[in-house]
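This report concerns only the one structure given below.
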Amino acid sequence: MRAVEAGFDVVGLEIDSVRVASLQSGYSYVEDVSHDVLRAALDSGRYAASKDTADLEGFDFVIITVPTPLKETVPDLTFMEDSAREIAPYVTPGSTVVLESTTYPGTTEELLVPLLETGSGLTAGIDFHVGYSPERIDPGNQTFTFVNTPKVVSGVNEDSCSVIAAMYSKLVDTVVPVSTPKEAELTKLLENTFRHVNIALVNELAVFAHALGIDIWEAIDAASTKPFGFMKFTPGPGVGGHCLPVDPSYLSWQVRRTLGHSFRFVDLANDVNEHMPDYVVQRVNAGLNGHKKAINGSKILLLGLAYKKNTGDSRESPAMRVAEILHEQGAELYAVDPFVEQHRLPAYITLVDLTEETSSSNDAIVILTEHDGLDYDLVARSSALVLDTRRRLDGVREAL
Ligand SMILES: NC(=O)c1ccc[n+]([C@@H]2O[C@H](COP(=O)([O-])OP(=O)(O)OC[C@H]3O[C@@H](n4cnc5c(N)ncnc54)[C@H](O)[C@@H]3O)[C@@H](O)[C@H]2O)c1
């Protein structure tokens with residue numbers, strides 16, 4: 001959308017027909033892109049959504065943003081490889097290919113370039129430009145948008161890097177060139193591994209602090225008054241989405257494959273964060289036990305299912321794992337999440353509105369995602385047991 005605004009002619013190439021039809025009809029399924037912005041792009045005549053690879057004909061720039069998931073803990077780059085094979089026949093002298101998907105260092109030069117060269121018969125860096133630029137979008141962030149977040153760029157040679165930097169400088173305020181694609185690929189993994197490890201640190205500390213009778217939240221707030229050398233991270237029910245649980249494993253996989261070492265920080269952080277949903281259930285169980293109740297047969301209301309506040313993405317959300325364990329243990333589950341759609345949820349979760357009735361007719365309420373706009377005072381007043389994993393209620397009810 002930003003490229004359309006900046007005056008480029010843009011084709012959004014997508015293999016999912018439902019998504020193509022949605023975009024063509026002006027309905028945006030991306031939360032950060034409004035229907036109005038999409039419609040304005042369509043009306044400009046400089047944007048089209050398409051399923052047809054023939055629309056690659058004559059491109060100046062291709063930006064690859066396909067999924068890079070894990071398959072049984074191993075990076076699955078088949079989407080990237082398929083799209084490279086589709087693009088290659090359309091690569092012409094002077095054209096440019098940029099990879100944005102998150103991946104391990106070396107992917108651009110060792111996997112993407114050979115596929116493009118084989119399919120085009122041309123040479124990267126000489127006949128056409130290739131580079132890597134990590135995606136840094138933070139869904140739901142109103143302060144840091146695509147435009148005012150600096151964009152790290154790289155190329156397989158100087159020429160490629162400067163062409164790619166010039167293109168992105170038309171879209172964003174600041175571009176940050178680095179020497180080779182490997183540094184740019186590592187930049188993204190460093191950013192996400194940093195978050196993953198620090199979240200694991202406060203999560204583990206939260207478990208110990210609770211057992212020691214110390215308020216971790218107060219300690220974090222106090223530490224945050226230090227104007228240097230400390231960055232605030234808060235505990236929660238685990239990590240979710242497609243970045244934190246996945247990206248650090250791309251790095252640890254590569255370290256193990258090429259150097260034979262384990263990346264201990266990543267392994268430890270995975271272990272701590274993956275166990276947080278179990279810990280949340282353990283705390284719910286202890287709370288119910290205090291009321292002479294069991295999880296089995298209890299009515300439990302979950303507040304927030306998405307992995308991130310104010311977004312509707314429940315994929316790989318730790319809240320969904322909490323729900324799954326509670327369900328396995330016999331709980332009757334209700335949930336409040338204005339952003340998540342019922343048809344994306346398992347049948348054992350019933351979405352309800354947050355009302356006097358729904359907040360008081362449960363044995364326990366668990367705040368898992370701190371969406372704005374919910375009536376938290378109502379929850380604070382509820383007669384049910386409340387476990388606040390995000391400390392949204394400022395400590396007036398039990399926090400993690
Ligand atoms: N979503 C984010 O906030 C975010 C942030 C930073 C990095 N990333 C990275 O960006 C990449 C994509 O993530 P996403 O969240 O946009 O994934 P997504 O699954 O929402 O979207 C990717 C789209 O690519 C389509 N696709 C797959 N193969 C294709 C092909 N050959 N040709 C055309 N389209 C194809 C899929 O159908 C899908 O609609 C991943 O590497 C992810 O790690 C995402």
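Just so it is clear, the model here is predicted, and its values are computed rather than measured. Counting convention: from 1, in listed order, for ligands and their atoms alike.
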**Prompt:** What's the spacing between I367 CD1 and R397 CZ if we round to 0.5 Å?
**Reply:**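 Answer rounded to 0.5 Å: 9.0 Å.
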
**Asked** Does S28 offer a backbone N or O that forms a donor-acceptor pair with the side chain of H35 under 3.5 Å?
**Response**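 Checked: pair present.
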
**Asked** Hey, is the main chain of L368 close enough, under 3.5 Å, to the side chain of R390 for a donor-acceptor pair?
**Response**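 The answer is yes, because a donor-acceptor pair under 3.5 Å joins these two groups.
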
**Message:** With a 4.0 Å cut-off on N to O distance, would you call K188 and E100 a salt bridge?
**Reply:**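 No salt bridge links K188 with E100.
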
**Request:** Output yes when D337 and R344 qualify as a salt bridge under the 4.0 Å nitrogen-oxygen rule, no when they do not.
**Result:**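 The answer is no: the pair does not qualify as a salt bridge.
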
**Prompt:** Mind checking whether F233 and F194 have ring centres under 6.0 Å apart?
**Reply:**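 Yes, close enough.
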
Under 3.5 Å: N or O atoms of ligand 1 paired with protein N or O:
{"from": "ligand 1", "atom 1": "15 (O)", "to": "H242", "atom 2": "ND1", "distance (Å)": "3.1"}
{"from": "ligand 1", "atom 1": "31 (N)", "to": "E86", "atom 2": "OE1", "distance (Å)": "3.3"}
{"from": "ligand 1", "atom 1": "37 (O)", "to": "E14", "atom 2": "OE2", "distance (Å)": "2.5"}
{"from": "ligand 1", "atom 1": "39 (O)", "to": "E14", "atom 2": "OE1", "distance (Å)": "2.6"}
{"from": "ligand 1", "atom 1": "39 (O)", "to": "E14", "atom 2": "OE2", "distance (Å)": "3.1"}
{"from": "ligand 1", "atom 1": "39 (O)", "to": "R19", "atom 2": "NH1", "distance (Å)": "2.6"}
{"from": "ligand 1", "atom 1": "41 (O)", "to": "T68", "atom 2": "OG1", "distance (Å)": "2.6"}
{"from": "ligand 1", "atom 1": "41 (O)", "to": "T102", "atom 2": "N", "distance (Å)": "2.9"}
{"from": "ligand 1", "atom 1": "43 (O)", "to": "T102", "atom 2": "OG1", "distance (Å)": "3.2"}

